*Asks:* 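Pasting in a structure now, in structure tokens, and then I'll have a few things to ask.
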Amino acid sequence: MSKYVDTVLKELKAKNANEPEFIQAAEEVLLTLDPVLKANPQYEQNAILERMVEPERVIMFRVPWVDDTGKVRVNRGYRIQQNSAIGPYKGGLRFDPSVNLSVLKFLAFEQVFKNSLTTLPMGGGKGGSDFNPKQSPHTPGKRCSDAEVMRFCQSFMTELFRHIGADTDVPAGDMNVGGREIGYLFGQYKRLANEWTGVLTGKHLSYGGSLIRPEATGYGDVYFAENMLAMRKQTFEGKNCVISGSGNVATYAAEKLIQLGAKVLTLSDRSGAIVVKDGITPELLAEVMELKNVKRGELSEIKAKGVQFVAKKNSWQLVDKIDAAFPCARQNELDGKDAAYLLKHGCTVVGEGANMPSTPDAIEAFVKAKIMYSPGKASNAGGVATSGLEMSQNSERLSWSREEVDAKLKGIMKAIHDNAWEAAAKYGKKGNYVVGANIAGFTKVADAMVAQGVC
């Protein structure tokens, strides 16, 4: 580690001692940048690292709303506007009890590099609230009603709208923020701002959304892994795959893998995991999608033949023969013990669909084993890339066909793969996608910051 990186990390840890997720994300990137920092002394001269780890703006606000019993509830709302050097802030909104400044700062920091890698002109941001749409505040075991979610979203946007805009900050969905929530948020923005712009992405097709957007993160994760396999003249045909999560990212990754001839053996949620030894069928996957997206239920409710439910377990240590793993649930879900199990049982591909789902010891194990491992900032960039394509369609007042969007997504994921591969090779780390993605994402933003002066 260079003296410059060491100094920046020490200051970062001192200032943000109570933000472990943010420190973890920053450390993971900065510790890989020594080669590019040595080759480009202007980055240290312009204090690029110090400026890059510090958000341009942190917005925090209260969100009062009224539940169905008439009681006033209060949650916290956040928006982290991390870096706008290459474009307007872009990144999702997350509604979950785990949301706090540390989590959102880590997500916003990661988003900067992810958006840079897409080749599209988007800066990085993230936001959300500790509101939990999966738990009614007045009835244990029940979810918030649609009316409660609408009232919360309207209150949340009543504050947020003054800080965002099509050329300033364009939020999207993230954990627990899907089409329903985006619709309520967009309606309130339009009502307050008195304008129709592409200020939110992930919209329904009826009012400016893009085809392929729900599928994009999962499809993109698989497309990136396909490119990794192609470097070794392999395909997914016949490969055993395990996937964590059961939201859009996981289920659409599963859909694409099945289309490519792979056998998907697991999915999971907070209640546990399902294991299907003969592989999840398209019919079973459709049942899971309806359960999660329409009924908003849990995998424990799946009773189909051949499905084994394992309570309170993730997907990693339930199958004996594993060729590829796709962590698509949440941060730090795959630890060193999980990594050791995957490697012992034949895993040669890990494609991160979630943000920072692997712990540092798991990443170290994958890199040391020299398997095909892609960090989330590279392989899950398909979602935000397609959000960028939605922004373009909104600006042009056009709608592209499914085939057009999918072709552009494939092209973007190949460009991300190739840029990461080439950056790693250039700095003596051939095949290391962690180093390659970090350097490729960093240099584009850093060069823009240098060009724009101290701001």
Side-chain angles (χ1 to χ4, degrees), residues 12 15-16 19 21-23 25-26 29 47-63 75-96 99-118 120-130 153 156-175 177 181-182 185-186 188-189 192-193 197-202 355-356 377 381 383-385 387-388 390-391 441-442 444-446 448-455:
L12 179 81
K15 289 180 179 179
N16 305 277
E19 297 176 356
E21 293 88 356
F22 176 51
I23 291 171
V29 173
I48 293 299
L49 294 186
E50 294 93 326
R51 292 158 58 192
M52 200 172 279
V53 298
E54 199 67 37
E56 292 178 11
R57 193 172 294 105
V58 175
I59 301 157
M60 181 175 171
F61 50 95
R62 73 180 180 207
V63 187
N75 287 95
R76 286 182 173 177
Y78 306 87
R79 188 66 180 171
I80 312 297
Q81 296 177 332
Q82 186 75 24
N83 192 294
S84 60
I86 63 173
Y89 309 107
K90 185 82 190 76
L93 297 170
R94 174 176 293 195
F95 293 168
D96 192 77
V99 166
N100 56 41
L101 277 176
S102 178
V103 168
L104 292 180
K105 284 173 70 175
F106 120 63
L107 290 168
F109 184 75
E110 287 270 299
Q111 198 77 43
V112 172
F113 304 98
K114 184 189 306 185
N115 293 0
S116 172
L117 286 167
T118 68
L120 300 174
M122 300 182 294
K126 209 76 177 183
S129 172
D130 58 359
C153 287
F156 182 88
M157 183 54 75
T158 297
E159 175 59 34
L160 184 65
F161 94 98
R162 71 191 78 241
H163 305 292
I164 63 176
D167 298 313
T168 304
D169 185 351
V170 184
D174 193 78
M175 186 184 297
V177 179
E181 290 77 16
I182 291 294
L185 291 164
F186 183 81
Q188 185 70 354
Y189 178 88
L192 293 166
T197 65
V199 70
L200 286 158
T201 56
N355 293 300
M356 203 172 73
K377 66 172 63 68
V384 72
S387 283
E390 182 177 330
M391 291 165 65
F442 169 80
K444 181 177 179 180
V445 178
M449 293 173 71
V450 171
Q452 293 167 22
V454 180
C455 61

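Because the structure is predicted, anything quoted here is derived from the model rather than measured.
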*Asks:* Distance from Gln82 atom CD to Leu104 atom CG, nearest 0.5 Å?
*Replies:* 11.0 Å

*Asks:* If every non-hydrogen atom of Ile48 is compared with every non-hydrogen atom of Ala446, which pair is closest and at what distance?
*Replies:* CG2-CB, 3.8 Å

*Asks:* Could you grab the distance from atom CD1 of Ile23 to atom NZ of Lys105, nearest 0.5 Å is fine?
*Replies:* 9.0 Å

*Asks:* If I take atom CE from residue Met122 and atom OG from residue Ser116, how far apart are they, to the nearest 0.5 angstrom?
*Replies:* 9.5 Å

*Asks:* If you compare all heavy atoms of Phe61 against all heavy atoms of Leu160, which two are closest, and at what distance to 0.1 Å?
*Replies:* CZ-CB, 4.3 Å

*Asks:* Is atom CZ of Arg76 surrounded by more than 12 heavy atoms (other residues, nucleotides or ligands) closer than 6.0 Å?
*Replies:* no

*Asks:* Between Phe22 and Val53, which heavy-atom pair has the shortest distance, and what is it?
*Replies:* CZ-O, 3.1 Å

*Asks:* Using 0.5 Å steps for rounding, measure from the CE atom of Met449 to the OG atom of Ser84.
*Replies:* 9.0 Å

*Asks:* For residues Leu93 and Lys126, determine if any side-chain heavy atom of one lies less than 4.5 Å from a side-chain heavy atom of the other.
*Replies:* no

*Asks:* Which atoms form the tightest heavy-atom contact between Ala108 and Gly125, and what is the distance?
*Replies:* CB-C, 4.0 Å

*Asks:* Between Phe156 and Phe95, what is the ring plane arrangement, given parallel below 30°, perpendicular above 60°, and tilted in between?
*Replies:* perpendicular

*Asks:* Atom CG of Asn83 and atom CD1 of Ile80: how far apart are they, to the nearest 0.5 Å?
*Replies:* 13.5 Å

*Asks:* Look up atom CG in Leu200 and atom CZ in Phe186, then write down how far apart they are to the nearest 0.5 Å.
*Replies:* 7.0 Å

*Asks:* Judged by atom type as modelled, is there a donor-acceptor pair below 3.5 Å linking the side chain of Ser129 to the main-chain atoms of Gly77?
*Replies:* no

*Asks:* What heavy-atom pair brings Leu12 and Ala26 nearest, and what distance separates the two atoms?
*Replies:* CD2-CB, 3.4 Å

*Asks:* Donor-acceptor check, side chain of Asp130 to backbone of Val99, threshold 3.5 angstrom: yes or no?
*Replies:* no

*Asks:* With distance as the sole criterion, is a donor-acceptor pair present between the side chains of Glu56 and Tyr89 under 3.5 Å?
*Replies:* yes

*Asks:* Decide yes or no for Arg94 and Val103: does some side-chain heavy atom of the first lie under 4.5 Å from some side-chain heavy atom of the second?
*Replies:* yes

*Asks:* Using only atom types and a distance under 3.5 Å, with no angle test, would you say the side chain of Asn16 pairs donor to acceptor with the backbone of Glu19?
*Replies:* no

*Asks:* Heavy atoms, side chains only, cut-off 4.5 Å: are Lys377 and Glu110 in contact?
*Replies:* yes

*Asks:* Under the side-chain contact (heavy atoms from CB on, under 4.5 Å) rule, what do Met52 and Phe113 come out as? Steps first, then yes or no, please.
*Replies:* CA-CA 10 Å; Met52 200 172 279; Phe113 304 98; 3.6 Å; yes

*Asks:* Before you tell me yes or no, could you show the steps for Leu192 and Thr158 under side-chain contact (heavy atoms from CB on, under 4.5 Å), namely the whole-Å CA-CA distance, both residues' side-chain angles and the distance that decides it to 0.1 Å?
*Replies:* CA-CA 7 Å; Leu192 293 166; Thr158 297; 4.0 Å; yes

*Asks:* With a 4.5 Å heavy-atom cut-off, do Glu159 and Met157 have their side chains touching?
*Replies:* no

*Asks:* Regarding Asn355 and Lys114, is there a side-chain donor-to-acceptor distance under 3.5 Å anywhere?
*Replies:* yes

*Asks:* Between Glu21 and Ser102, do the side chains contain a donor N or O and an acceptor N or O under 3.5 Å apart?
*Replies:* yes

*Asks:* Do you know which two heavy atoms are closest between Val170 and Lys90, and how far apart they sit?
*Replies:* O-NZ, 2.9 Å

*Asks:* Give a yes or no answer on whether the side chain of Glu181 reaches the backbone of Cys153 with a donor-acceptor pair at less than 3.5 Å.
*Replies:* no

*Asks:* With side-chain contact (heavy atoms from CB on, under 4.5 Å) as the criterion, how do Arg79 and Gln81 come out once you've worked through the C-alpha distance, each side chain's angles and the decisive distance to 0.1 Å?
*Replies:* CA-CA 6 Å; Arg79 188 66 180 171; Gln81 296 177 332; 4.2 Å; yes

*Asks:* Would a 4.5 Å heavy-atom cut-off, applied to side chains only, mark Val112 and Val445 as touching?
*Replies:* yes

